[in-house]
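Source: prediction; values computed, not measured. Note that these values count all heavy atoms, side chains included, but never hydrogens, waters or copies made by symmetry. Just so you know, residue 1 is the first one in the sequence shown, and it goes up from there.
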Amino acid sequence: MKKLKIHSDYKPTDEQKKASEKLAEGIERGLDYQVLLGVTGSGKTFTLANVIEKLQRPTLVFSHNKTLAAQLYQEFRDFFPDNAVSYFVSYYDFYQPEAYIPATDTYIEKDADINELIDKLRLATTSNLLTRADTIVVASVSCIYNIGSPKEYGDFIFEAKKGLKMTREKIIDRLIDLQYVRADYGFHRGTFRVRGDSIDIFPAYQDESLRVNLERGIIKDVVIFNPISGQAFENDKDSASKSFTLYPAKHFITDPYKNKKVFDQIRSDLALSIKRLKSGGKDLEAHRLSQRVNYDLEMIQEVGYVKGIENYSRYFDGRSPGDPPFTLLDYFKEPYGDDWLVAIDESHMTFPQIRGMYSGDFSRKQTLIDYGFRLPAAMDNRPLKFDEFMRRIPNFIATSATPSAWELSLAQQSYKELPKAKKASLSKNGLTEQLLRPTGIPDPLVEIRPIENQVAHVIEEIKKQKSKKQRTLVTTLTKRAAEDLSSYLEEQDINVHYLHSDIQTLERTDVLDDLRKGTYDAIVGVNLLREGLDLPEVALVAILDADKEGFLRSEVSLVQTMGRAARHVEGKVILYADTVTKSIKNALSEIKRRRDYQTSMNKKLGIMPRSITKPIRERLVSEEEVSLMGQVIEGKEKSFQILPSLDIEGLTPLDRKRLTSKLRREMKTAAQDLNFELAIEIRDKIKEIESVL
């Protein structure tokens, strides 16, 4: 087994070294809950990496949003290049959950646009966890949703090994059981193709393909090759006989040998539900439920999968009604027991998100059940409740510049419960502070200005930063305000981009990279904290309407937002406010406390503050990976100037679906650019494609 080993030009500072030693020692001594209070830019991620290296345990790093998760994934991937660093977030670019509105008798079918690159990374995560102990997973809170049993997933494998006696037909049957689709003319992830006595398989979770060569019903060899060039990898040519373990193409897998028993249970529950609905005078709903469930069972029996199969997961998992679902946490617990580590990044944001996931799911599902769209078992396809989550994790290290009172109290309680002998040299009350930045930069100076003419003043300040080749972040209170302000700033000869939840997962990272490169002078956003910004070029943070009390202008949000200017030696913050609210007062007090400590320590240690120099990392998903997904239209980063010629008849159904998604984005872009002729042409092309779907 490979050891978790950091490769970095950086050496931990004294404060980072002490913090990582105390945190690792705390876990080893049984201190289950700890808090790392680290200011923005103090290197909390590097400290955490050192903790992981010391403990040598598989690690789950939680993040409260996809963009921050992507950034953390890139950082850990750089720190641990020889280990299995994985990325697990929601794979939907667009998601409309199944719902029913009784008042208008409106049924909304589940509709989703799955990002197949993220789906690949999710599948890679689970296969890594079941095969490698040197795994680090960076995940968003979507990992507490149901993904099916790790035991079922782990049992459903195909081991291709030289000398194994297996006919071509049996291999094909096994691949179909694993939800791989035969595609002799459209080879992509999750498919296989047959060429005589050779079977090519493109695993759903990696970039390389494998070729199984047969001879008289025996596997002759297994070759790993590039799916585009067809060339075998150099390091594989001399070892083509190595075995390869193939995992399923989907997380929800049904065992055809257990299906009869499961189907009997489902039909029994269906009969009870029909009886309940009819006794309540809901004959139409009873008929609807009968049709739907029987159709689903027929599909599962024939092809092993159906849209919405997760609603039957309780039966296939062998769970009782009300039992919590299997989540990514179970993929840690199954192979490693309690011998793994949990880190909660930006914990003041992440814990509240985990708490709120269950309630939002409950009421929608109940309506679907009441009106005959789903069996009651659909209620068990859900995220974990918070108490279920806490029971499933063996420990946590919560990292934040502004940890909540709950996190601090839990760490304190955990510390109190330790035997006295184990407390020696540990951080008191489970709290470790990391207030010094490796660069010596103190927290930024803060200026308060009146709200009147705030936009004109922001424009003036952005232009000053632009002249010094520095960047600016501006926060507003609404999405509309962010978009309108961005449009106005563009008219003032400022290169700007807005950033909020409507920007797709992978595009957010690209926007942030473009800001760092100088493509944009400023970014305007609503809650830029959610982006997990790590931008050394930003020297100014402007907070509009800072005295409007609320979540976006609370003490915690203000401290966090102001910290975004603490990576530049000339960093400063401007609060536009007519009233010094309690939140502003407390935030300024905390910033002053930290700044005073930092400047005094700089003087004591003889440190001269310097700006952070940080390379712009490679994209989360490379251009090669994008091409591997079989994109129909090249130049994903560019918009159409004219609509290219498209051979619709030559496209597969999957390619058509991808193409329509791409065209809809291009249509909106054309309309925003006032290129209405092109937008109309694209609209008509979408209709033409959909007519042959």
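Judged purely by atom type and a 3.5 angstrom limit, T475 has no side-chain atom pairing as donor or acceptor with the backbone of G525.
The aromatic ring centroids of F396 and W340 lie 6.0 Å or more from each other. Residues F192 and F202 keep their aromatic ring centres 6.0 Å or farther apart.
We find that K685 and E688 are joined by a salt bridge, their nearest charged nitrogen and carboxylate oxygen being less than 4.0 Å apart. Between D317 and K151, none of the side-chain N atoms (NZ, or NE/NH1/NH2) sits under 4.0 Å from a carboxylate O, so this pair counts as no salt bridge. Ion pair D296/R292 not flagged as a salt bridge, since none of the NZ, NE, NH1 or NH2 atoms sits closer than 4.0 Å to an Asp/Glu carboxylate oxygen. A salt bridge is absent between R374 and E310: the closest approach of a Lys/Arg side-chain nitrogen to an acidic carboxylate oxygen does not fall below 4.0 angstrom. The pair D484-K479 does not count as a salt bridge, with every side-chain nitrogen at least 4.0 angstrom from each carboxylate oxygen.
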Checking ring-ring contact (aromatic ring centres under 6.0 Å, His included) for the pair F326/F316: CA distance, chi angles, key distance, verdict?
CA-CA 11 Å; F326 291 107; F316 294 106; over 10 Å; no
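A 6.0 Å sphere centred on NZ of K548 holds more than 12 heavy atoms belonging to other residues, nucleotides or ligands.
Between F373 and Y107, the ring-plane angle classifies as parallel under the 30° and 60° cut-offs. Between H251 and Y153, the ring-plane angle classifies as tilted under the 30° and 60° cut-offs.
Cation-pi check for K120 over Y205 is not met; the charged atom does not lie both under 6.0 angstrom from the ring centroid and within 45 degrees of its normal.
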